Student: 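Following this message is one structure expressed as structure tokens.
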Amino acid sequence: PKLERNNQIIRKFKNYQEHFIKISINDDDHNKIYYASSRNFKLLEIVQSLMMNGIYIGTHKFNYLTSSNSQAKQGSGWYFNLEHTKFEKIDQVLEEMGDFKNEHNKYKNASRRGQCASSTTPIDFLEKENIIEIPDIKSSNGKYIYTDGIGTISFDLALKCVDKVGNNKFSYCSAFQIRLKGIKGVVAVDPKLRDKDIICIRPSMKKYESENNELGIIKASGYSTGYLNRQIIALLSGLGVKNSIFISMIKVSLKEYQT
């Protein structure tokens with residue numbers, strides 16, 4: 001067992017924190033398991049049984065609750081023990097997090113439910129008047145959404161986020177990956193938002209209906225190393241950068257390795 005960064009579900013049901021566990025399914029070297037052949041059918045049966053029937057730890061049964069997208073890719077998920085709680089069924093836990101009935105696609109519905117399980121750093125509970133809905137910016141024919149999943153945040157609230165996230169490298173960040181109510185996406189600092197603690201969301205960010213006004217941060221922006229991979233080279237070439245420039249850069253790099 002090890003300590004885990006918490007999420008919206010655990011913070012909402014803080015009186016039941018000991019009823020939650022996170023289980024990861026890994027190989028003997030603690031690496032991700034890849035399904036590669038029919039020989040792994042037995043493994044699939046074990047995973048299916050774990051998710052369908054739950055797992056006993058001592059005399060306590062833990063039922064599968066949900067997984068965020070990243071957790072599902074890593075082969076992990078959150079489980080909940082119903083004993084001595086107000087819940088009779090496992091679905092009732094997520095029903096208090098929001099209304100997922102409008103998403104009829106079962107794969108998207110599972111993704112929406114897992115959104116609550118994303119590991120976040122809590123910032124503050126925002127008042128309704130501090131959450132402003134603004135329209136998406138679309139192409140003239142409405143076919144393309146240029147602001148898909150992107151909102152804005154005030155400077156003062158951004159500083160509060162940096163302080164809570166604890167980014168030691170930077171005293172200020174310009175963008176944040178967030179969870180708020182049923183909202184999923186990124187917000188960028190808008191210097192025109194003069195009022196304190198204001199966040200502007202767009203319709204493309206809303207994935208389900210929820211009354212949870214807690215702002216949670218998954219990740220803050222920061223510097224990252226850039227590389228000239230095939231995609232970037234193809235993009236730059238298409239924008240008019242001559243191929244001879246890339247060839248000369250390769251020659252320089254090869255010469256450095258030789259020396």
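The shown structure was predicted, so the numbers you read here are calculated from the model rather than taken from an experiment.
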Student: Of all heavy-atom pairs between Ile218 and Ser118, which one has the smallest distance, and what is that distance?
Tutor: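 In terms of heavy atoms, the two residues are closest at CD1-CB, 4.0 Å.
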Student: Compare every heavy atom of Ala110 with every heavy atom of Thr66, then report the nearest pair and how far apart it is.
Tutor: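 Looks like OG1-O, 4.4 Å.
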Student: I'd like to know if the side chain of Asn109 reaches the main chain of Phe100, judged simply by a donor and an acceptor atom lying under 3.5 Å from each other, with no hydrogens or angles considered.
Tutor: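 It does hold such a pair.
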Student: Measuring only between side-chain heavy atoms, which start at C-beta, is Ser111 closer than 4.5 Å to Lys207?
Tutor: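 Sidechains of Lys207 and Ser111: no contact.
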Student: Is a side-chain N or O of Gln71 found less than 3.5 angstrom from the main chain of Ala117, in a donor-acceptor match?
Tutor: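 Between the backbone of Ala117 and the side chain of Gln71 there is a qualifying donor-acceptor contact (under 3.5 Å).
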Student: Less than 4.5 Å apart, any side-chain heavy atom of Cys161 and any of Ile178?
Tutor: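 No - every pair of side-chain heavy atoms lies 4.5 Å or more apart.
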Student: Return yes if some donor-acceptor pair links the side-chain N/O of Ser49 with the main-chain N/O of Glu45 below 3.5 Å, else return no.
Tutor: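 Not a single qualifying donor-acceptor pair exists.
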Student: Give the intermediate values and the outcome of side chain to side chain contact (heavy atoms under 4.5 Å, CB included) for residues Lys22 and Ser76.
Tutor: CA-CA 7 Å; Lys22 185 181 179 184; Ser76 63; 3.5 Å; yes
Student: Kindly say whether Ala72 contributes a backbone atom to a donor-acceptor pair with the side chain of Ser67 at under 3.5 angstrom?
Tutor: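 Such a contact is absent between Ser67 side chain and Ala72 backbone.
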Student: How about CD on Glu18, more than 12 heavy atoms from neighbouring residues, nucleotides or ligands closer than 6.0 Å, or not?
Tutor: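 Counting neighbours around CD of Glu18, 12 or fewer heavy atoms of other residues, nucleotides or ligands fall under 6.0 Å, so no.
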Student: Identify the two heavy atoms, one from His19 and one from Glu83, that lie closest to each other, and give their separation to 0.1 Å.
Tutor: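 Heavy-atom minimum between the residues: CE1-O, 2.7 Å.
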Student: In terms of ring plane angle, is the pair Tyr16 and Phe13 parallel, tilted or perpendicular, where the classes change at 30° and 60°?
Tutor: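 Ring orientation of Tyr16 relative to Phe13: parallel.
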Student: Do Asn15 and Thr85 have side-chain heavy atoms sitting under 4.5 Å apart?
Tutor: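 When only atoms from C-beta onward are counted, Thr85 and Asn15 do not touch, as no gap falls below 4.5 Å.
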Student: Return yes if some donor-acceptor pair links the side-chain N/O of Arg202 with the main-chain N/O of Pro135 below 3.5 Å, else return no.
Tutor: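 Yes, because the side chain of Arg202 sits within donor-acceptor range (under 3.5 Å) of the backbone of Pro135.
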Student: Roughly how far, to the nearest 0.5 Å, is the OG atom of Ser119 from the CG atom of Asn6?
Tutor: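 One finds 8.0 Å between CG of Asn6 and OG of Ser119.
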Student: Answer yes or no: are there more than 12 heavy-atom neighbours, outside Glu88 itself, under 6.0 Å from its atom CD?
Tutor: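 12 or below, so no.
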Student: Walk me through whether Ile9 and Phe80 qualify under side chain to side chain contact (heavy atoms under 4.5 Å, CB included).
Tutor: CA-CA 11 Å; Ile9 306 176; Phe80 185 75; over 6 Å; no
Student: In the single-linkage hydrophobic clustering (I, L, V, M, F, W, Y; side-chain heavy atoms under 4.5 Å), do Val47 and Ile21 co-cluster?
Tutor: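 The answer is yes; both residues are in one hydrophobic cluster.
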Student: Side-chain heavy atoms nearer than 4.5 Å, only ILVMFWY residues, links allowed to pass through others: does that put Tyr208 and Val93 together?
Tutor: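 Yes: a chain of side-chain contacts under 4.5 Å links Tyr208 to Val93.
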Student: Would you say Gln177 and Ile217 make side-chain contact, with heavy atoms under 4.5 Å?
Tutor: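 A side-chain contact under 4.5 Å is absent here.
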Student: Please report the closest heavy-atom contact between Asp148 and Ser204, naming both atoms and the distance.
Tutor: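 Answer, listing the atom of Asp148 first, then Ser204: OD1-CB, 3.3 Å.
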Student: Testing the basics here: between Gly185 and Arg179, what is the closest heavy-atom pair and its distance to 0.1 Å?
Tutor: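 Answer, listing the atom of Gly185 first, then Arg179: N-NH1, 4.1 Å.
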Student: Under 3.5 Å, is there a donor-acceptor pair between the side chain of Ser154 and the main chain of Ile198?
Tutor: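 Checking the backbone N and O of Ile198 against the side chain of Ser154, a donor-acceptor pair under 3.5 Å is found.
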Student: Using every non-hydrogen atom in the two residues, find where Ile123 and Lys164 come nearest and quote the distance to one decimal.
Tutor: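 Ile123 and Lys164 have their closest heavy atoms at O-NZ, 2.6 Å.
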Student: Identify whether Val187 and Ile150 are in the same connected component of the hydrophobic contact network (ILVMFWY, side-chain heavy atoms under 4.5 Å).
Tutor: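 No, Val187 and Ile150 fall in different hydrophobic clusters.
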Student: Is Val186 linked to Leu193 within one hydrophobic cluster, defined over Ile, Leu, Val, Met, Phe, Trp and Tyr using a side-chain heavy-atom separation of less than 4.5 Å?
Tutor: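 No: no chain of side-chain contacts under 4.5 Å links Val186 to Leu193.
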Student: Taking Asn105 for its side chain and Tyr107 for its backbone only, find out whether a donor-acceptor pair lies under 3.5 Å.
Tutor: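 Checked: pair present.
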Student: Quick one: does Trp78's side chain get under 4.5 Å of Ile10's, heavy atoms only?
Tutor: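 Of all side-chain heavy-atom pairs linking Ile10 with Trp78, at least one is under 4.5 Å.
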Student: Any non-hydrogen side-chain atom of Leu157 less than 4.5 Å from a side-chain atom of Leu215?
Tutor: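 The answer is yes, as the side chains (C-beta and beyond) meet within the 4.5 Å cut-off.
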Student: Considering only heavy atoms from C-beta outward, does the side chain of Tyr79 approach that of Lys61 to under 4.5 Å?
Tutor: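 Sidechains of Lys61 and Tyr79: no contact.
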Student: May I ask you to test the Lys184-Met205 pair for a side-chain heavy-atom distance under 4.5 Å?
Tutor: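 When only atoms from C-beta onward are counted, Met205 and Lys184 do not touch, as no gap falls below 4.5 Å.
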Student: Pairing donors with acceptors under 3.5 angstrom, does anything connect the side chains of Ser139 and Asn141?
Tutor: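 Checked: Ser139/Asn141 side chains pair up, N/O donor to acceptor below 3.5 Å.
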Student: Measuring from atom OG of Ser210 to atom NZ of Lys12, what distance do you get when rounded to the nearest 0.5 angstrom?
Tutor: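 Ser210 atom OG to Lys12 atom NZ measures 7.5 Å (nearest 0.5 Å).
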Student: Using a 3.5 Å distance criterion without hydrogens, assess whether the side chain of Ser174 forms a donor-acceptor pair with backbone atoms of Val189.
Tutor: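 No, the answer is negative, given that no donor and acceptor are paired below the 3.5 Å cut-off.
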Student: With the 4.5 Å side-chain cut-off for hydrophobic clustering, are Ile131 and Phe176 part of the same group?
Tutor: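 Yes; Phe176 is reachable from Ile131 via cluster members.
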Student: Walk me through it: do Phe246 and Val241 pass the test side chain to side chain contact (heavy atoms under 4.5 Å, CB included)?
Tutor: CA-CA 9 Å; Phe246 301 116; Val241 178; 3.7 Å; yes
Student: Any donor and acceptor pair, going by atom type alone, linking the side chain of Asp136 with main-chain N or O of Lys138 inside 3.5 Å?
Tutor: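 Such a contact is absent between Asp136 side chain and Lys138 backbone.
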